[in-house]
Amino acid sequence: MAGMSIMFKLASLLSLISVIPWAAYATVVHQKFIIGTQKVTRLCKEQEIVTVNGHFPGPTLYARDNDNVIVLVENNGPYNVTIHWHGVRQLRTCWADGPAYITQCPITPGNAFTYNFRITEQEGTLWWHAHVSFLRATVHGALVIYPRFGKPYPFPKPAAEFPVILGEWWSANVEDVIADAIQRGVLPLESDAYTINGQPGDLYECSANDTSRILVRRGKTYLIRMVNAAMNHAFFVKIAEHKLKVVAVDALYTKPYTTDQVLIQPGQTMDVLITTSKPSGLFYMAIRVYSSQTRGGRFINTTTTAILEYTGSINYVPLMPALPPFDDTQFAFKFSTDQKSLRSSVPQRVDEEMVITEGFGLLTCPNRSCEGFMGGRAVGSFNNISFLLPNIDILQAYYHGIDGVFTRDFPENPPLIFNYTQQNPPLPMSFWEPELGTKVKVLKFNSKVQIVFQNTGILTVENHPLHLHGHDFYVVGQGFGNYNPRTHPAHFNLKDPQKLNTVGVPTGGWAAIRFTANNPGVWLMHCHFESHTALGFEMVFIVEDGAGSFNSLPPPPPGLPHC
Ligand code: C2O
């Protein structure tokens with residue numbers, strides 16, 4: 001009886017709390033993003049770019065877990081814009097997620113939209129970026145989430161912290177770069193430099209004076225909040241003569257992992273501790289591309305640098321670390337598989353099981369008039385379906401029951417079983433040509449989902465960084481070659497696998513993920529190589545409402561843009 005009355009009191013207390021508006025017990029973080037253009041000089045050349053509040057990279061947003069974040073985005077630039085809060089769960093706020101034509105129509109020039117969401121049980125580093133066309137090349141910034149008041153980090157408090165945003169620079173208008181690629185049916189032009197906090201560093205022309213510097217004192221521990229905002233490349237990152245201790249990836253704590261260098265996939269974020277154990281000196285932080293393609297791939301083989309500077313180190317020459325070779329897949333695989341969650345609650349059983357092949361295909365062009373392989377046009381696909389962006393957003397169509405925008409027949413398995421990872425497998429030409437469609441996979445609320453992503457070797461064999469919106473997932477297994485449903489599940493890690501929002505599926509291999517579909521709405525899943533996303537390397541999940549309003553998606557916020 002006593003137990004029951006306590007339960008009753010607890011229940012009435014909880015129902016009372018749920019009627020108090022958020023603002024009564026959480027902080028509200030207000031921010032204004034003004035999208036505009038800016039002339040910026042890099043690599044000896046002036047270039048007009050799209051920026052937020054005139055900065056490249058854009059402003060860092062600071063919040064605490066449980067805060068309500070309200071960002072007014074005013075588009076004073078020449079292009080359509082949306083902003084995505086990469087990795088933010090957006091629990092019941094799918095309308096604020098941001099991918100164009102998936103959860104909203106773009107904000108057209110001269111218009112504005114207010115993103116309003118709450119951080120729910122997340123801490124660490126995430127980031128925000130434009131989610132339309134190629135604009136995220138310059139429209140991006142870090143999102144730092146501190147623990148709730150009074151809650152410590154799961155590691156000793158660092159002396160200070162600094163963001164390290166890795167990016168890519170084109171000495172050209174990025175919107176022209178992608179438009180040209182799509183028109184010709186080829187992958188977009190490679191960038192001209194990689195950047196750290198917006199600067200290519202002193203190994204590039206006309207760049208030495210602006211190399212990013214990170215000032216430190218000796219004998220302290222610092223927190224590096226690293227974001228890979230690059231468009232099309234994963235990076236190895238190393239600091240000369242300093243160990244890196246990884247403590248979180250994608251704002252999810254990992255078991256502390258000490259290493260000489262890290263690998264960071266595009267889209268991923270990483271919290272890394274360094275201890276300044278030297279008496280003095282200058283040390284390069286250097287980044288180089290990890291290119292996983294067995295046939296070399298396309299990238300610029302250059303090294304980008306920033307300088308870790310101990311205070312008072314005037315007459316020093318910076319020391320350069322020895323970076324791994326660009327194709328060090330062995331390190332890449334070991335680094336990824338070594339990471340483990342600090343805490344985990346992996347679904348032990350699954351309700352929904354999918355195998356999804358992912359890779360390239362080739363569309364034929366009339367009279368072989370495109371400039372891709374065999375006069376065709378390269379496209380990305382999942383289960384041999386290349387995603388077609390609709391003209392109005394899928395969320396709006398789903399919520400209001402508008403027909404003809406998408407179909408619900410995304411297949412749970414590949415249309416054909418073959419030796420997936422063989423380079424250019426001997427398949428009928430019809431199979432090389434993916435179907436074009438706006439197909440979604442519908443998931444029941446709270447269902448436990450397992451997906452095996454299987455890379456294919458059609459046209460290229462390479463690592464693809466796959467990102468899911470609205471959910472973090474556990475990577476329960478990964479390997480090279482073809483996934484075997486009879487033998488591999490027995491070796492899945494269901495105890496402490498790493499949790500992420502973006503996983504690098506090993507080149508010529510597969511990765512198995514598990515998550516609980518507990519966030520109602522429309523969620524994009526795509527390759528975070530923007531050059532691949534642009535070619536249809538995307539798919540969509542719809543998570544249905546659960547029982548009661550607390551498990552359902554609320555109506556759209558005021559001022560949502562129209563298409
Ligand atoms: Cu970082 Cu769909 O994006």
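These numbers were taken from a predicted model, which means no experiment stands behind them. Each ligand, and each atom within it, is numbered from 1 in the order the structure gives.
Atom 1 (Cu) of ligand 1 lies at 2.8 Å or more from every N, O or S atom belonging to His131. For residue His528, an N/O/S atom approaches atom 1 (Cu) of ligand 1 to within less than 2.8 Å. For residue His84, no N/O/S atom approaches atom 1 (Cu) of ligand 1 to within less than 2.8 Å.
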Run the numbers on His131 and His140 for ring-ring contact (aromatic ring centres under 6.0 Å, His included), then give the verdict. CA-CA 10 Å; His131 210 304; His140 61 247; over 10 Å; no
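The salt bridge (charged side-chain N to carboxylate O under 4.0 Å, His left out) test with Glu352 singles out one residue from Arg514, Lys441, Lys448, and that residue is Lys441. Phe236 pairs in a side chain to side chain contact (heavy atoms under 4.5 Å, CB included) with only one of the listed residues (Ile264, Asp328, Ile287), which is Asp328.
In summary, the side chains of Ser381 and Glu358 do not present any donor paired with an acceptor at a separation below 3.5 Å, with no hydrogens or angles considered.
Atom 1 (Cu) of ligand 1 sits nearest to atom ND1 when only the N, O or S atoms of His86 are considered.
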